[in-house]
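Quick caveat, the model's predicted, so the values are computed rather than measured.
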Amino acid sequence: MSGTIPSHIEPARLVDRRITLKGAVKVSSLERFSAVLQATTGEVQVELYFSRDEQRIATMHGHYQVDAPLLCQRCLEQVVVPIDSECDVGFVTSDEAAKQLPRHYEPVIVGEEPLDLFALIEDELILALPAVPMHPQQTCQHPPGYRPETAELEEKSEKPNPFSVLAKLKRDT
């Protein structure tokens, strides 16, 4: 299936039919994710493949791509960080079943009501964000008045050491 990604799904139905969903989700519809961005325009390209693995576990493989405009922590200007993230989800019905999942699956507990797919996509995107977004060192423009640490160290090393007199006295004795 290609086009618009539904906001809510019934994972069991999609898994049993081995459905693939491809499409786009507007960044503005992902409230928590868009709250950390500098601009909420654009779309997240999403591809979701539902199936059962060789152990008959209901799974979903997700692939997400978006250009995230974030605040550079070095120069405080906007930096666009490309996010290309994948995840493997195992659908379970209880915490106990989640503990039994193989380690490479992220457990998602499903119940009777439809699963909020946008919340799942949003969680994956938030986890894929860099902890400290920055431009590459050579292209980052520092704000006016910025002085690198090396200039401060040079300035400190040029000042006379008040204990140099004591060192001289020690040598004289």
Side-chain angles (χ1 to χ4, degrees), residues 1-137 139-140 143:
M1 222 164 104
S2 188
T4 306
I5 301 293
S7 61
H8 291 80
I9 60 167
E10 294 182 30
R13 294 175 110 185
L14 299 175
V15 165
D16 290 337
R17 292 194 227 156
R18 299 181 60 145
I19 298 290
T20 298
L21 299 175
K22 288 184 184 181
V25 174
K26 292 185 182 203
V27 170
S28 60
S29 64
L30 305 172
E31 291 178 22
R32 291 178 295 132
F33 179 64
S34 61
V36 298
L37 302 178
Q38 294 296 299
T40 58
T41 58
E43 296 181 327
V44 180
Q45 297 303 314
V46 178
E47 184 173 345
L48 307 170
Y49 175 68
F50 296 86
S51 66
R52 289 195 184 275
D53 69 0
E54 49 284 337
Q55 296 176 1
R56 306 292 303 148
I57 298 171
T59 66
M60 179 195 80
H61 177 77
H63 184 214
Y64 316 99
Q65 293 179 311
V66 66
D67 288 333
L70 301 167
L71 183 66
C72 174
Q73 298 300 299
R74 185 180 295 132
C75 69
L76 302 177
E77 295 292 328
Q78 181 174 304
V79 58
V80 177
V81 177
I83 294 177
D84 190 348
S85 177
E86 295 190 26
C87 72
D88 287 308
V89 168
F91 296 110
V92 293
T93 56
S94 67
D95 284 333
E96 192 59 41
K99 292 176 186 174
Q100 302 302 319
L101 276 178
R103 288 189 179 263
H104 65 276
Y105 289 127
E106 294 179 40
V108 173
I109 299 174
V110 294
E112 296 295 320
E113 62 274 349
L115 175 69
D116 186 350
L117 187 57
F118 281 12
L120 181 63
I121 293 169
E122 194 169 31
D123 289 345
E124 294 301 326
L125 291 172
I126 290 170
L127 289 171
L129 288 172
V132 182
M134 290 187 288
H135 290 102
Q137 178 82 28
T139 62
C140 196

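Side-chain atoms of Leu70 and Pro130, non-hydrogen and from C-beta on, do get closer than 4.5 Å to each other. The closest side-chain heavy-atom distance from Val46 to Leu21 is not below 4.5 Å. Contact of the Leu71 side chain with the Gln73 side chain is registered, since non-hydrogen atoms from C-beta on lie closer than 4.5 Å. The side-chain heavy atoms of Thr41 and Pro69, taken from C-beta on, include no pair separated by under 4.5 Å.
Nearest heavy atom pair, residue Val81 against residue Pro133, reads CG2-CB, 4.5 Å. When all heavy atoms of Phe118 and Pro6 are compared, the pair lying nearest together is CE1-O, 3.6 Å. Heavy atoms only, all atoms of each residue included: Gly90 and Tyr105 are closest at N-CB, 3.9 Å. Contact record, Phe50 with Leu48: CE1-CB, 3.8 Å, taken as the closest heavy-atom pair. Closest of all the heavy-atom pairs between Val15 and Ser51 is CG1-O, 3.4 Å.
Note that CD of Glu10 and CG of Asp16 are 11.0 Å apart. Values are rounded to the nearest 0.5 Å. Distance OH/Tyr49 to CZ/Arg18: 3.5 Å, rounded to 0.5 Å. Note that the CZ atom of Arg32 and the CG atom of Asp123 stand 4.5 Å from one another [nearest 0.5 Å]. Annotation: the span from Lys26 atom NZ to Ile5 atom CD1 amounts to 14.0 Å, rounded to 0.5 Å. Between Leu115 atom CG and Met60 atom CE the span is 8.0 Å, to the nearest 0.5 Å. Between atom CG of residue Leu127 and atom OH of residue Tyr64 there is a gap of 10.5 Å, rounded to the nearest 0.5 Å.
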After noting the C-alpha distance and the side-chain angles of Glu47 and Gln45, does the key distance pass the side-chain contact (heavy atoms from CB on, under 4.5 Å) rule? CA-CA 7 Å; Glu47 184 173 345; Gln45 297 303 314; over 6 Å; no
Please test Met134 against Val79 for side-chain contact (heavy atoms from CB on, under 4.5 Å), starting from the C-alpha separation and ending with a verdict. CA-CA 7 Å; Met134 290 187 288; Val79 58; over 6 Å; no
Evaluation steps, side-chain contact (heavy atoms from CB on, under 4.5 Å), between Leu129 and Phe33: CA-CA 9 Å; Leu129 288 172; Phe33 179 64; 3.9 Å; yes
Can you list the steps and then say if Arg74 with Gln137 is a side-chain contact (heavy atoms from CB on, under 4.5 Å)? CA-CA 9 Å; Arg74 185 180 295 132; Gln137 178 82 28; 3.4 Å; yes
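Listed by chain and number, the residues in a side-chain hydrogen bond (donor to acceptor under 3.5 Å, both in side chains) with Asp84 are His63, Gln65 (sequence neighbours excluded).
Side-chain atoms of Glu86 never come within 3.5 Å of backbone atoms of His61 as a donor-acceptor pair (strictly under, hydrogens ignored). Of the possible polar contacts, none joining the Glu106 side chain to the His104 backbone as a donor-acceptor pair under 3.5 Å is found.
Heavy atoms from other residues, nucleotides or ligands lying under 6.0 Å from CZ of Arg13 number 12 at most.
A side chain to side chain contact (heavy atoms under 4.5 Å, CB included) with Pro102 is found for one member of Thr59, Ile57, Asp88 and no other, namely Ile57.
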